[in-house]
Amino acid sequence: GMRWKLRIPLILLTMGLMSKLYQLFISNGSFFNSLLYIFLTGGVIFILERTGINNQKVHFSFGVLIIIAGILVDYFS
(Lines give C-alpha, C1' and ligand atoms only; values in the text may rest on other atoms or scores of the structure.)
Protein backbone atom coordinates (compact mmCIF):
# COMPACT_ATOMS: atom_id res chain seq x y z
CA GLY A 1 0.00 0.00 0.00
CA MET A 2 1.09 3.44 -0.94
CA ARG A 3 0.24 5.18 2.30
CA TRP A 4 1.78 8.34 3.66
CA LYS A 5 1.67 10.14 6.93
CA LEU A 6 0.03 13.53 6.49
CA ARG A 7 2.99 15.36 8.07
CA ILE A 8 4.86 16.53 4.96
CA PRO A 9 1.79 17.36 2.83
CA LEU A 10 0.21 19.36 5.67
CA ILE A 11 3.43 21.22 6.44
CA LEU A 12 3.77 22.18 2.77
CA LEU A 13 0.10 23.20 2.60
CA THR A 14 0.49 25.28 5.76
CA MET A 15 3.56 27.00 4.36
CA GLY A 16 1.74 27.74 1.10
CA LEU A 17 -1.30 29.18 2.89
CA MET A 18 0.78 31.24 5.32
CA SER A 19 2.91 32.55 2.47
CA LYS A 20 -0.25 33.66 0.69
CA LEU A 21 -1.64 35.35 3.81
CA TYR A 22 1.72 37.00 4.34
CA GLN A 23 1.66 38.43 0.81
CA LEU A 24 -1.92 39.64 1.20
CA PHE A 25 -1.77 41.22 4.64
CA ILE A 26 1.73 41.84 5.92
CA SER A 27 3.91 42.27 2.85
CA ASN A 28 5.74 45.42 3.99
CA GLY A 29 8.47 43.00 5.05
CA SER A 30 9.41 44.43 8.42
CA PHE A 31 11.41 42.26 10.81
CA PHE A 32 8.41 41.97 13.15
CA ASN A 33 6.16 40.75 10.34
CA SER A 34 8.72 38.15 9.32
CA LEU A 35 8.84 36.91 12.92
CA LEU A 36 5.04 36.83 13.03
CA TYR A 37 4.96 34.76 9.83
CA ILE A 38 7.47 32.26 11.22
CA PHE A 39 5.64 32.11 14.55
CA LEU A 40 2.22 31.53 12.93
CA THR A 41 3.54 28.90 10.54
CA GLY A 42 5.38 27.13 13.37
CA GLY A 43 2.27 27.39 15.54
CA VAL A 44 0.04 25.71 12.98
CA ILE A 45 2.58 22.94 12.43
CA PHE A 46 2.95 22.49 16.20
CA ILE A 47 -0.85 22.17 16.61
CA LEU A 48 -0.98 19.60 13.80
CA GLU A 49 1.74 17.61 15.56
CA ARG A 50 0.11 17.83 19.01
CA THR A 51 -3.33 16.81 17.78
CA GLY A 52 -1.91 13.83 15.89
CA ILE A 53 -3.36 14.93 12.55
CA ASN A 54 0.13 14.74 11.04
CA ASN A 55 0.35 11.05 11.94
CA GLN A 56 -2.82 10.05 10.12
CA LYS A 57 -2.04 7.75 7.23
CA VAL A 58 -3.61 8.60 3.91
CA HIS A 59 -3.28 7.29 0.39
CA PHE A 60 -0.23 8.57 -1.49
CA SER A 61 -2.35 10.35 -4.13
CA PHE A 62 -4.28 12.25 -1.43
CA GLY A 63 -0.99 13.47 0.03
CA VAL A 64 0.10 14.65 -3.41
CA LEU A 65 -3.22 16.48 -3.85
CA ILE A 66 -2.69 18.35 -0.59
CA ILE A 67 0.80 19.40 -1.69
CA ILE A 68 -0.49 20.54 -5.08
CA ALA A 69 -3.25 22.53 -3.34
CA GLY A 70 -0.62 24.30 -1.23
CA ILE A 71 1.44 25.17 -4.30
CA LEU A 72 -1.60 26.37 -6.25
CA VAL A 73 -2.77 28.60 -3.41
CA ASP A 74 0.67 30.16 -3.19
CA TYR A 75 1.37 30.73 -6.88
CA PHE A 76 -1.96 31.15 -8.64
CA SER A 77 -4.10 33.30 -6.39
Side-chain angles (χ1 to χ4, degrees):
M2 292 286 286
R3 293 178 77 74
W4 261 11
K5 285 188 176 182
L6 274 172
R7 177 172 289 121
I8 301 300
L10 284 177
I11 288 173
L12 291 172
L13 178 65
T14 299
M15 290 171 76
L17 290 171
M18 288 297 174
S19 173
K20 192 73 230 167
L21 289 173
Y22 184 76
Q23 289 164 23
L24 290 175
F25 297 112
I26 45 180
S27 57
N28 68 7
S30 76
F31 178 69
F32 175 74
N33 286 343
S34 301
L35 273 181
L36 186 65
Y37 167 70
I38 293 166
F39 181 74
L40 285 172
T41 304
V44 171
I45 293 167
F46 178 75
I47 290 167
L48 290 173
E49 285 286 334
R50 294 296 295 176
T51 56
I53 293 170
N54 278 351
N55 287 320
Q56 296 296 317
K57 291 256 174 73
V58 294
H59 195 269
F60 176 78
S61 55
F62 184 68
V64 171
L65 276 176
I66 293 175
I67 292 171
I68 291 169
I71 292 168
L72 290 177
V73 163
D74 200 11
Y75 289 102
F76 297 105
S77 56

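The shortest distance between side-chain heavy atoms of Trp4 and Val64 falls below 4.5 Å. In this structure, the side chains of Arg7 and Asn55 come closer than 4.5 Å at one or more pairs of heavy atoms.
Both Met2 and Ile67 belong to a common hydrophobic cluster when Ile, Leu, Val, Met, Phe, Trp and Tyr are linked at side-chain heavy-atom distances under 4.5 angstrom. Connection of Met18 to Val73 is established within a shared hydrophobic cluster, with ILVMFWY side chains joined at heavy-atom distances below 4.5 Å, either directly or through further cluster members. The hydrophobic clustering, which links ILVMFWY residues whose side-chain heavy atoms are closer than 4.5 Å, places Leu10 and Val58 together. Linking Ile, Leu, Val, Met, Phe, Trp and Tyr whenever their side-chain heavy atoms come within less than 4.5 Å puts Leu21 and Leu40 in one cluster. The same ILVMFWY cluster, assembled from side-chain heavy atoms under 4.5 Å apart, contains both Ile71 and Leu12.
Contact record, Tyr37 with Ser19: CE1-N, 3.6 Å, taken as the closest heavy-atom pair. Here the shortest heavy-atom pairing between Gly63 and Pro9 reads O-CB, 3.5 Å. Looking at every heavy atom in both residues, Lys5 comes nearest to Asn54 through CB-O, 3.7 Å.
For the atom pair Ile68 CD1 and Ser61 OG, the distance stands at 10.0 Å (nearest 0.5 Å). One finds the CZ atom of Arg3 at 7.5 Å from the NE2 atom of His59 (value rounded to the nearest 0.5 Å). Note that CD1 of Ile53 and CG of Leu48 are 5.5 Å apart. Values are rounded to the nearest 0.5 Å. With values rounded to the nearest 0.5 angstrom, Leu36 atom CG is found 12.0 Å from Phe31 atom CZ. To the nearest 0.5 Å, atoms CZ (Phe62) and CG (Leu6) are separated by 6.5 Å. One distance of note links NZ of Lys20 with CG of Leu17; it measures 10.5 Å at 0.5 Å rounding.
Residue Leu13 is tested with Ile66, Leu65, Ile8 for a side chain to side chain contact (heavy atoms under 4.5 Å, CB included); the sole match is Ile66.
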